[in-house]
2 protein chains.
Amino acid sequence: MADVAKLAGVSRTTVSFILNNVPDTNIPDATRQRVLQIARELNYMPNVQALNLATGKTMMIALVVRQTSEQMSGDAFAGEFIRGVTGVIEAENYHLVIHAAEPDARESTYGKLVRTHKVDGLLISSPLVNDQEVRLLYREETPIVLHGATDTQDIPSVDVDNRQGAYMAVRYLIDLGHRRIGHISNAPFSYASSSDRLDGYCQALAEAGIPYDESLVLAGEFTASSGYEPMRALLDLPNPPTAVFVGSDMVALGAMEAIRSRGARIPEDISLVGFDDILYARYTMPPLTTVRIPAYELGRSAGDLMLKIIRGESLPGTRILLPTELVVRRSTIKCPA
Amino acid sequence: MADVAKLAGVSRTTVSFILNNVPDTNIPDATRQRVLQIARELNYMPNVQALNLATGKTMMIALVVRQTSEQMSGDAFAGEFIRGVTGVIEAENYHLVIHAAEPDARESTYGKLVRTHKVDGLLISSPLVNDQEVRLLYREETPIVLHGATDTQDIPSVDVDNRQGAYMAVRYLIDLGHRRIGHISNAPFSYASSSDRLDGYCQALAEAGIPYDESLVLAGEFTASSGYEPMRALLDLPNPPTAVFVGSDMVALGAMEAIRSRGARIPEDISLVGFDDILYARYTMPPLTTVRIPAYELGRSAGDLMLKIIRGESLPGTRILLPTELVVRRSTIKCPA
DNA sequence: TGATGTTAGTAACTCGCGTTAGTAACCCGC
DNA sequence: GCGGGTTACTAACGCGAGTTACTAACATCA
């Protein structure tokens, strides 16, 4: 910048004014053009570090993700979510920093990110239900957006409407005539996503006047293999279900294997609905009916909310719930009379 | 830092010396302990922006990825790769910035990242084969690591050994007695990964004295659906292959559907080998024999190489080729006599 | 006693920018 | 020809660190 100033025969201040389009500085057009021209010739690019130091902003937002890949991988969710976030924030010149939080670390590593002024805001994916650090940072007025939920209601968050998704899935099975409907969750019920989906399941049953049978409800744990045993248990029941709503496509993969291992057919003997609509769902045998999560849109919403918070436009307590979509394929069929 | 200095009754310089463990500064232990104690009490954390400005380093590395998700999604590759990179660089206090490059943009957006001192180095995933910007940045001594290859040999890069992987897969089919082996590529042959895999295919055939038959070689294009038509074309041949090596598991998914649509059986009528070992490969029917890509290790290697370059330890022209592994499942069988 | 170290620091500069307060030169009207 | 307003700038400070060059006070030795 000093170079530009020298060549243009003006002070650095003037150059700064011109390049930043500062209003109320009466600079004649001739000078302005000359400075801009020289800046272009020198291919001047501001040093963002100095800029950050002067303005106090970093133009960086961190995405804090869990180290364990089990929740992440298995589908393209993370990738799509990230694309959604970057799509929104890069348009406003922000950048995304990926930070792998170690789940077992005693002290949070991400608080440091904002306290050392490395990033302006924190996007936290699936925080622990009562993360003290998150609450503390929020009270310190750190811009935070959660993907998922905590027990502190007023922290802004973004999530998919798990209850509605599950409700739709089970409601669909009921409409097909099924009355005995099992459920294998995506994760232990201590996870919010898991218990919300269970709520949706219960709500659909209740509306149809079907009593809740706890022997039909079992927990999966993220992976395909975790769906195998629960499904076999359901099949071994004296009065097995004619349909099962599985809270995750990955878990459903294991469930399908269990059904096959018993020599039962999908959907003739048992209808199956998954959740997530992973890429592979359309290639299972038969293709899996499932609930689609809008990962890309979720990322966009999260990024958008973050920008609003940083600009001070957002109200506390904002929670954005994105609707899911039922994707009917061939793993579901009318309940045989 | 000034606060710490004031409370300790010393100058800011002294505090800086102590906190940074600067050698050859004879500071008595009493003073040292007092300053450290006060810093701890005040929970002092350095402002990294100021630090960056002073040192000229940003401690940030950008991962430049393509906007199109076709190459990324479909498997957990991106996620695993990112985990590998962050695992290595965060240990040295570096952070990862994700930058979505727009493939159609005329001028590169990532050159700016380093020219404005936003990041210290560039990790570029699957660059275009003759990206001028990359070459220019490299000549400007920007630390760059490529994932994939370009035509400029001396830019450090990391990749999986595509040729060796393909060779192993085809060699395995030959060892099973197959002589008529088809190939459907993962992508158009203008992609380096694709032509390298074709090379491996050819090499295995040549070694076994099997003549190359170009009617057996067709191109896929990333997606599952792109594998459907080529496979049908192979099946429709007057003398169809007894085995097919597909350069991508996703593409193989479409191929499997094509085989089923013709009423043929896998592996009895046709053996199939994929590439990538995506998560679903073990859940196809039958489970797919494939070539595993070590995505996490690839990320670690890339991060490691980047750190070495930044430290000035790396030699130009470094290219790290990671070996693949053949994962035998049930989609391959001995060639029926 | 005076020269020479050594100890324990500190003042002041730098990094590259934003920003505030101020000024010199010119113009206008009376 | 003098006060007041406008035009076209600039000097200087601050952001929060790292870093260099210097000093004042004391100790040691010939």
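Reminder, nothing fancy here: chain letters follow the sequence lines and each chain counts from 1. Any value given below was found using the heavy atoms of this structure, including those in side chains, with hydrogens, waters and symmetry copies removed.
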Basic-acidic side-chain contact under 4.0 Å: A/Glu297, A/Arg300: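 Here A/Glu297 does not pair with A/Arg300 in a salt bridge, since their nearest N and O are not under 4.0 Å apart.
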
Name the nucleic acid region contacted by [X], choosing base, sugar-phosphate or nothing; use a 4.0 angstrom heavy-atom cut-off, strictly under.
X	answer
A/Thr25	nothing
A/Val22	nothing
B/Val10	sugar-phosphate
B/Asn52	nothing

For [X] and [Y], work out which heavy atoms get closest and say how close.
X	Y	value
A/Ala295	A/Phe77	CB-CD1, 3.4 Å
B/Leu305	B/Ser314	CD1-OG, 3.9 Å
A/Gly148	A/Asp159	CA-OD2, 3.5 Å

Nearest to the side chain of [X], which nucleotide is it out of [options]?
X	options	result
B/Pro28	C/dA8, C/dT19, C/dG16	C/dA8
B/Asn26	C/dC17, D/dG18, C/dA8	C/dA8
B/Ser16	C/dC17, D/dA17, D/dT19	D/dT19
A/Leu53	D/dT10, C/dG18, C/dG16	C/dG16
B/Arg12	C/dG16, C/dG18, D/dG18	D/dG18

5'-most contact on DNA chain C: B/Ile27 or B/Ala54, nearest heavy atom basis?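 Its nearest nucleotide lies further toward 5', so the answer is B/Ile27.
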
Assuming nearest nucleotide by heavy-atom distance, tell me which of A/Gln49 and B/Arg34 is located more 5' along DNA chain C.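 On the 5' side of the pair lies B/Arg34.
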
Nucleotide [N], atom [atom2] - distance to [atom1] of [X] in whole Å:
X	N	atom1	atom2	result
B/Asp24	C/dA8	CG	P	14 Å
A/Phe17	C/dT19	CZ	P	9 Å
B/Lys57	C/dT14	NZ	P	23 Å
A/Met1	D/dT10	CE	C1'	13 Å
A/Asn21	C/dT19	CG	P	13 Å
A/Ile18	D/dA8	CD1	C1'	11 Å
B/His117	C/dC15	NE2	C1'	11 Å
A/Asp29	D/dT7	CG	P	14 Å

Fit a plane to each ring of B/Phe222 and B/Tyr191, take the angle between them on a 0 to 90° scale, and name the class: parallel (under 30°), tilted (30 to 60°) or perpendicular (over 60°).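 Perpendicular: the ring planes of B/Phe222 and B/Tyr191 meet at over 60°.
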
Looking at [X], does any N or O in its side chain come under 4.0 Å of the phosphate oxygens OP1/OP2 on [N]?
X	N	answer
A/Thr31	D/dC9	yes
B/Tyr44	D/dG16	no
A/Thr14	D/dT10	yes

Does B/Glu141, at its CD atom, have more than 12 non-hydrogen atoms belonging to other residues, nucleotides or ligands within less than 6.0 Å?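 Result for CD/B/Glu141: open.
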
